[in-house]
Amino acid sequence: MADTLVEMRKITKTFPGVVALDDVTFECRAAEVHAVVGENGAGKSTLMKILAGVYVPDSGEIVLGGETVRIPSPHAAQQLGVSIIYQELNLLPDLNVAQNVFLGRESRGPMGLVNEREQEAKAQEVLHRLGVDIDPRERLGRLSVAQQQMVEIAKALSLNARVVIMDEPSAALGGKDLEHLFEVIKALKQQGVGVIYISHRISEVFQIADRVTVFKDGKVVGTNKVSEIDRPSLVRMMIGRSLSETFPSRGDKMGEEVLRIEGLCVGNRLKDINLSVHAGEIVGISGLVGAGRTELAQAIFGTRRIEAGTVKVKGKKVAIGNPRRALRHRIGYLTEDRNVEGLVMGQSVKENAALPSLDQRQRWGVVDRKAEHEVVAAVSESLRLRAPSLGVDVENLSGGNRQKVVLAKWLISGPELLIFDEPSRGIDVGAKAEIWQLMRDLADQGKAVLMISSELPEVIGMSDRVVVMHRGQIVGEMAGGTATEEAVMMLATYGETRGR
């Protein structure tokens with residue numbers, strides 16, 4: 001087709017013992033957003049790394065602009081007009097914006113010196129094309145994650161990219177930042193750029209994509225126009241069952257009250273919060289970005305100072321103040337950013353899982369390694385953790401298995417209340433179902449679960465009660481079985497439902 005930018009024909013790629021891609025054919029057209037979805041290990045990232053020159057295929061061909069090409073390296077891909085933006089941004093925080101955009105391609109004068117003024121002017125021009133208001137002289141480390149992502153996109157445009165691959169670009173974004181990303185993607189489309197958009201967020205596919213290709217077990221299941229497929233059908237293509245079927249049944253055995261918060265205030269972030277969580281139930285906290293959900297979790301866990309109000313654990317008033325005290329009161333917190341706040345990269349599964357409960361297995365400063373191995377192995381087996389060994393570094397695990405390691409470390413410490421902040425962020429649909437079932441199993445075992453989520457289907461599908469926050473306050477509560485996306489969103493957006 002005349003508007004086809006790139007075709008990948010009959011691509012096969014194997015790694016030792018694994019067929020990552022099996023005879024895969026894929027295309028992206030000019031001025032379109034082509035979403036790529038599938039479970040972890042389905043092959044989508046491997047295919048994109050081949051297009052970006054990170055991997056070389058075992059067989060098959062790549063056609064760019066009607067010509068068959070070889071892409072032996074990332075530099076070769078950039079020369080051919082293909083840029084990839086990874087979830088983990090590839091930028092240098094101590095350099096300014098313009099220096100990052102033109103790193104390795106600096107504007108130089110007759111004497112070989114970098115012409116900073118010319119470079120900044122060029123960076124400003126590219127940022128203007130994206131409709132982004134960022135000073136090219138600003139040090140990158142002072143920008144937000146969303147702004148840094150815009151710099152990555154500007155870098156791709158400065159390379160005259162015809163095809164831009166975005167790997168989970170929205171993982172750390174929400175609210176207006178996410179809306180701005182979508183506006184930038186629309187601007188790229190208007191300039192004739194083809195955008196390949198990898199995402200685990202099914203809702204985004206229907207917001208931004210023109211077509212969607214589903215990968216499973218190294219093969220293409222199918223490609224559809226987004227206008228011609230619905231969400232249940234797309235999920236069924238990915239995992240063989242509908243999303244509604246992946247949510248476990250709600251609990252029916254609510255026990256004693258584990259947590260009660262009365263009149264809690266945190267600066268200008270939280271105002272007069274009243275909340276209770278019982279053993280055996282999952283309470284979901286919904287609200288827009290900035291509503292105060294994470295601040296509430298941090299206050300309960302002791303990483304944010306409470307200025308007024310009381311916290312009771314099993315009817316007893318407590319002063320938490322810091323995470324160590326939270327642990328003593330048997331509270332565990334799975335943070336929103338598992339990679340930065342929940343895990344120690346470069347350390348093993350066993351070292352991470354054992355960390356919060358070291359005191360339980362040491363005497364005179366010496367850790368009982370046998371006991372440590374036994375307890376981690378037992379919990380890992382109960383969570384169905386998939387790892388080559390307990391000694392493997394956590395950074396080598398998938399998102400779903402990393403989340404299980406975070407959960408394991410808290411379960412070993414013996415919590416009665418578990419706080420999950422965005423439990424399924426960056427996890428594929430199949431792994432989400434596993435995490436959801438684990439959460440329900442914990443509640444059925446008598447744990448109290450407080451879940452924060454930006455995904456409305458997750459909040460409604462998982463919660464026994466849904467609590468909605470708006471601008472630092474709780475503005476409504478409803479039973480999980482009766483909550484609807486519209487009712488939750490009305491509360492989250494306006495602080496009240498229609499007709500109230």
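Numbers here simply count residues along the sequence, with the first being 1. Since we're looking at a predicted model, the values are computed, not measured. When reading the values below, keep in mind they use all heavy atoms of this one structure, side chains included, and skip hydrogens, waters and symmetry mates.
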- Using side-chain contact (heavy atoms from CB on, under 4.5 Å) as the criterion, list what pairs up with Q148, not counting sequence neighbours. L89, L91, L140, L143
- Task: Calculate, to the nearest 0.5 Å, the distance between atoms CE and CD1 belonging to M478 and I460 respectively.
- Result: 8.0 Å
- Message: Could you go through M345 and V394, starting from their C-alpha distance and side-chain angles, then the distance that decides it, and tell me whether this counts as side chain to side chain contact (heavy atoms under 4.5 Å, CB included)?
- Response: CA-CA 6 Å; M345 294 299 171; V394 290; 3.9 Å; yes
- Any donor-acceptor pair under 3.5 Å from D230 side chain to S233 backbone: yes
- Task: List in chain and number order the residues that pass salt bridge (charged side-chain N to carboxylate O under 4.0 Å, His left out) with R305, two or more places apart in sequence or in another chain; answer none if no residue qualifies.
- Result: E307
- Message: Quick check for you: to the nearest 0.5 Å, what is the distance between S424 atom OG and M451 atom CE?
- Response: 8.5 Å
- Task: Determine whether I196 and V164 make a side-chain contact, defined as any pair of heavy atoms from C-beta on separated by less than 4.5 Å.
- Result: no
- Message: So for atom CZ, which belongs to R471, do other residues, nucleotides or ligands contribute more than 12 heavy atoms lying within a distance under 6.0 Å?
- Response: no
- Message: For V475, is there any backbone N or O sitting under 3.5 Å from a side-chain donor or acceptor partner on H470?
- Response: no
- Message: Using only atom types and a distance under 3.5 Å, with no angle test, would you say the side chain of K350 pairs donor to acceptor with the backbone of L390?
- Response: no
- Query: Do the side chain of D167 and the main chain of I198 share a donor and acceptor less than 3.5 angstrom apart?
  - Reply: no
- Item | Heavy-atom closest contact (I229 atom, F206 atom, distance) | O-CE2, 3.2 Å
- Item | Side-chain heavy-atom pair V379, K409 within 4.5 angstrom cut-off | no
- Message: Whether the side chain of E395 engages the backbone of G346 through a donor-acceptor N/O pair (distance < 3.5 Å, no angle test) should be reported.
- Response: yes
- At what distance, to the nearest 0.5 angstrom, does CG of L418 lie from CZ of R330? 11.0 Å
- Does any pair with a residue in residues 248-268 pass ring pair (Phe, Tyr, Trp, His ring centres under 6.0 Å), and if so which ones, sequence neighbours excluded? none
- Of all heavy-atom pairs between N352 and Q347, which one has the smallest distance, and what is that distance? ND2-O, 3.5 Å
- Query: How would you list all residue pairs meeting ring pair (Phe, Tyr, Trp, His ring centres under 6.0 Å) that involve residues 329-357, not counting sequence neighbours?
  - Reply: F301-Y333
- List in chain and number order the residues that pass ring-ring contact (aromatic ring centres under 6.0 Å, His included) with F15, two or more places apart in sequence or in another chain; answer none if no residue qualifies. Y55
- Item | V466 backbone acceptor or donor facing S463 side chain under 3.5 Å | no
- Name all pairs fulfilling the salt bridge (Lys or Arg N to Asp or Glu O under 4.0 Å) condition that reach into residues 138-148, sequence neighbours left out, sorted by first residue then second. D94-R139, E138-R142
- Query: Between L417 and V313, does a side chain to side chain contact (heavy atoms under 4.5 Å, CB included) hold up when you go through it step by step?
  - Reply: CA-CA 9 Å; L417 169 68; V313 176; over 6 Å; no
- Item | Non-hydrogen side-chain atoms of L264 and I261 separated by less than 4.5 Å | yes
- May I have the step-by-step check of side chain to side chain donor-acceptor pair (under 3.5 Å) for T294 and D421, ending in yes or no? CA-CA 7 Å; T294 294; D421 196 347; 2.9 Å; yes
- Query: What pairs meet the salt bridge (Lys or Arg N to Asp or Glu O under 4.0 Å) rule with one or both residues in residues 441-462, with sequence neighbours excluded?
  - Reply: R201-E455
- Item | Close side-chain approach of I85 and I165, heavy atoms under 4.5 Å | no
- Task: For Y86 and E168, test the side chains for any donor-to-acceptor distance below 3.5 angstrom and give the result as yes or no.
- Result: no
- Message: With a 4.5 Å cut-off on side-chain heavy atoms, are V406 and L343 touching?
- Response: yes
- Message: For a quick check under 3.5 Å, do S454 and R293 share a side-chain donor-acceptor pair by atom type?
- Response: yes
- Message: Apply side chain to side chain contact (heavy atoms under 4.5 Å, CB included) to residues K216 and M237 and explain how you reach the verdict.
- Response: CA-CA 8 Å; K216 187 173 178 63; M237 287 175 70; over 6 Å; no
- Smallest separation among heavy atoms of E204 and S199, with atom names: OE1-OG, 3.2 Å
- Query: Of I153, L157, N96, V151, which meets side chain to side chain contact (heavy atoms under 4.5 Å, CB included) against V101?
  - Reply: V151
- Task: Take H34 and Y197 through the test side chain to side chain contact (heavy atoms under 4.5 Å, CB included) and record every step on the way to the result.
- Result: CA-CA 6 Å; H34 195 143; Y197 193 93; over 6 Å; no
- Which pairs, with at least one residue in residues 254-291 and sequence neighbours excluded, count as a ring pair (Phe, Tyr, Trp, His ring centres under 6.0 Å)? none
- What is the minimum heavy-atom distance between G292 and L270, and which atoms define it? O-CD2, 3.4 Å
- Indicate yes or no: does R440 engage D464 in a salt bridge with an N to O separation below 4.0 Å. yes
- Message: For K314, give me all partners under side-chain contact (heavy atoms from CB on, under 4.5 Å), at least two apart in sequence or on another chain.
- Response: E256, E416
- Indicate yes or no: at least one non-hydrogen side-chain atom of F420 is less than 4.5 angstrom from one of L450. no
- Query: Taking only residues at least two apart or on different chains, which pairs with a member in residues 264-291 satisfy salt bridge (Lys or Arg N to Asp or Glu O under 4.0 Å)?
  - Reply: R269-E295, E281-R465
- Message: Can you list everything that forms a side-chain contact (heavy atoms from CB on, under 4.5 Å) with N322? Sequence neighbours excluded, please.
- Response: R324, R325
- Task: Rounded to the nearest 0.5 Å, what's the gap from OG on S413 to CZ on R328? Could you check?
- Result: 13.0 Å
- Message: Tell me whether N401 contacts the main-chain N or O of L397 through its side chain, where contact means a donor paired with an acceptor under 3.5 Å.
- Response: no
- What closest approach, in Å, do V488 and A483 show between heavy atoms, and which atom pair accounts for it? CG2-CB, 4.3 Å
- List the atom of I412, the atom of A353, and the distance in Å for their closest heavy-atom pair. CD1-O, 3.6 Å
- Here the gap from K155 atom NZ to S83 atom OG, rounded to the nearest 0.5 Å, amounts to 9.0 Å
- Message: With rounding to the nearest 0.5 angstrom, report the CD to OG distance, E257 to S276.
- Response: 5.0 Å
- With side chains defined as the heavy atoms from C-beta onward, is the minimum distance between I331 and I320 less than 4.5 Å? yes
- Task: Could you tell me which residues satisfy side-chain contact (heavy atoms from CB on, under 4.5 Å) with R384, sequence neighbours excluded, listed by chain and number?
- Result: K404, E434, L438
- Task: For residues I474 and V468, determine if any side-chain heavy atom of one lies less than 4.5 Å from a side-chain heavy atom of the other.
- Result: no
